[in-house]
Number of protein chains: 2
Amino acid sequence: MTEERPSPSGVERVIPQATVTRLATYLRVLSILADEGVLIVSSEELATAAGVGSAKLRKDLSFLGPNGVRGVGYDVARLRAKIDSALGLDRGHRVVLAGVGNLGQALAGYGGFARRGFTMVGLFDSDPARVGTEIDGLTVRHVDELVVACRELEATIGVIATPDEAVHGVAQQLVDGGVECILSFSPMVLDVPDHVEVRRVDLAVEMQVLSFNSSRNVSGPAGIADPAIVVAPRPVSPPPLTSSPLTSTARLGRSHGPRIAGNPNPVNSSTRNGSVIAP
Amino acid sequence: MTEERPSPSGVERVIPQATVTRLATYLRVLSILADEGVLIVSSEELATAAGVGSAKLRKDLSFLGPNGVRGVGYDVARLRAKIDSALGLDRGHRVVLAGVGNLGQALAGYGGFARRGFTMVGLFDSDPARVGTEIDGLTVRHVDELVVACRELEATIGVIATPDEAVHGVAQQLVDGGVECILSFSPMVLDVPDHVEVRRVDLAVEMQVLSFNSSRNVSGPAGIADPAIVVAPRPVSPPPLTSSPLTSTARLGRSHGPRIAGNPNPVNSSTRNGSVIAP
DNA sequence: TTTTGTGAACTCATTCACAGCT
DNA sequence: AGCTGTGAATGAGTTCACAAAA
């Protein structure tokens, strides 16, 4: 019940969230380098390939402890192993996928997962037409078996690619089935216990962010340092509001509320910044 | 040529990147509320539904100028319109999609786009078997027509859902076709001019971040404030490295380099934090 | 009284610049 | 000479807490 746990034993290292995200990217670049037979890489080279600055890259890596050799660079294989381990990828995550529509099938067949240590162990859907079919070597099972199957298969990660209506139910089943984390492609905000990590990818949000940024870019190719962007030449206009019909009428339906996430526990995890939403 | 352009006219407002991302989320919640006939919503209610704290929500909205009525709340329709406009969604973006595999088809058929003001205007693929087929009311055209078609169709956004090998070529064509921004589902780092905004969604990265976070969650449900997370009980082990075979041998192939993004311009845009990568 | 809007304090993240090792 | 690792400086983003408005 203690509030925090910053130092269970002696000296610890903490990896900032933003760094974790980038580590995953470095890992991909390192794989490519390894495939090309490259043995040593400098921070400068690696950074360029990953699309970041070299200082940031070095800072990121420093959270894992000493990695490279001064005056030389990083041993590609060694660094790869270290990041793998830091991200917990060497644990061999077993993944179940709910929803085998177009998106689900794309995910099931995505080679990038297997290549990074994720094994797809179960596919689930509620559509009888899809149940029983085989996709990428796995037979689609009915979503009702999800809870039991998660335990049998020892799944640690659940991916949700179902229509929005099914999302809550599926999420609950994944939680009951004991998965540690959920990747959802629905815009719905999930409501899960604190110990389950949720990451949400909302395609429409991605597009909307793009839309905003493009609105700003139209004017000048040179201008505007991107981290924050100018908007609205005339931003004012205090809202006269309450023009005529509202005020007390039809407020939030008292009886049912907004019907969206009447979250008893105020959505703990829900991935941080970026494409995803923060708690 | 001037370095910055913070104040073209009088008083301006700047919207932080992180806020932009959340605005898109608020917008979705507002749509649902509107559908339910809700007219007024408080910051507390809206925040809960969106999975954020109410203070953050109010701060976010404050960048758009005054929106609500004190003691009352926000007019759902009005707020929606304001965010729509701030994000540039009222411009009616026209979207072209390259790569009509499973993922591409999922995107083409995704109702969430149309619902938020994006119109899919063109589908492209290089596979002769797919060219000519009709998906969701659009005929798939050959990717070689992309440059011309982008101009004809007046596309502002390009989505890339092709295999990695095709990504660079397609990106170049989109740029030549004059799109303002690109949403890519490939892990490849794109190399585009500064005025083109790139947003990258890397599914494997999402999973890897989850993996990391779950590694930490296993121990205690109570512990660890999430923003940064403890790692490695024994983080030390300075690398003996240079054990035997490497050092000067087979360094980065001088002739060809890492062959990945030998970026002349150091990748300007590339979306910020989160699922995506930072410049 | 209720709820917004916002300065001010604080936490997290990036960039700089250089000491320290090979 | 070259490149990593990191403290210190800066900047972005979040939380707090309260004054002002309805």
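Side chains are part of it too, since the values below use all heavy atoms of this structure and drop only hydrogens, waters and symmetry mates. Just so we're on the same page: letters track the sequence lines, and every chain starts at 1.
Considering only side-chain N and O atoms, Arg22(A) lies under 4.0 angstrom from the phosphate OP1 or OP2 of dT14(C). For the pair Ser43(A) and dC3(D), the criterion of a side-chain N or O lying under 4.0 Å from OP1 or OP2 is not met. One finds no side-chain N or O of Ser42(A) lying less than 4.0 angstrom from the OP1 or OP2 phosphate oxygen of dC3(D).
For the pair Leu61(A) and Lys59(B), both in contact range of DNA chain D, the more 5′-proximal nearest nucleotide belongs to Leu61(A). Looking at which nucleotide of DNA chain C each of Gly71(A) and Ala55(B) is closest to, the 5′-most match is held by Ala55(B).
Checked by distance alone, Arg70(A) brings no side-chain donor or acceptor within 3.5 Å of a matching partner on the base of dT22(C).
Across all their heavy atoms, Leu46(A) and Val41(A) have their closest contact at N-CG2, 3.8 Å. Heavy-atom minimum distance, Ser211(B) versus His93(A): OG-NE2, 2.8 Å. The two atoms that bring Ala171(A) and Ile182(A) nearest to each other are O-CD1, 4.2 Å, heavy atoms only. Taking every heavy atom of both residues into account, Tyr26(B) and Ala50(B) meet most closely at CD2-CB, 3.8 Å.
Atom pair Asn67(A):CG and dG20(C):P shows a separation of 20 Å (rounding to whole Å applied). Atom CG in Asp60(A) sits roughly 12 Å away from atom P in dG5(D) (whole-Å rounding). Computed from coordinates, the Lys56(B) NZ to dC12(C) C1' distance equals 11 Å when rounded to whole Å. Summarising the geometry, the separation between CG on Leu79(A) and P on dT4(D) is reported as 11 Å, rounded to the nearest angstrom. Atom pair Leu57(B):CG and dT3(C):P shows a separation of 14 Å (rounding to whole Å applied). Across the protein-nucleic acid pair, Glu45(A) atom CD and dC3(D) atom P stand 8 Å apart, rounded to whole Å. As a whole-Å value, the separation of Tyr74(A) OH from dC21(C) C1' is 13 Å. dT6(D) atom P lies 11 Å from atom CZ of Arg58(A), rounded to whole Å.
Looking at heavy atoms from C-beta onward, Leu87(A) lies out of side-chain contact with Arg116(A) at the 4.5 angstrom threshold.
With dG13(D), dA13(C), dG5(D) as the choices, the nucleotide that has an atom nearest any side-chain atom of Pro66(A) turns out to be dG5(D). Distance from the side chain of Ser62(A) is smallest for dG5(D) among the nucleotides dT14(C), dT4(C), dG5(D).
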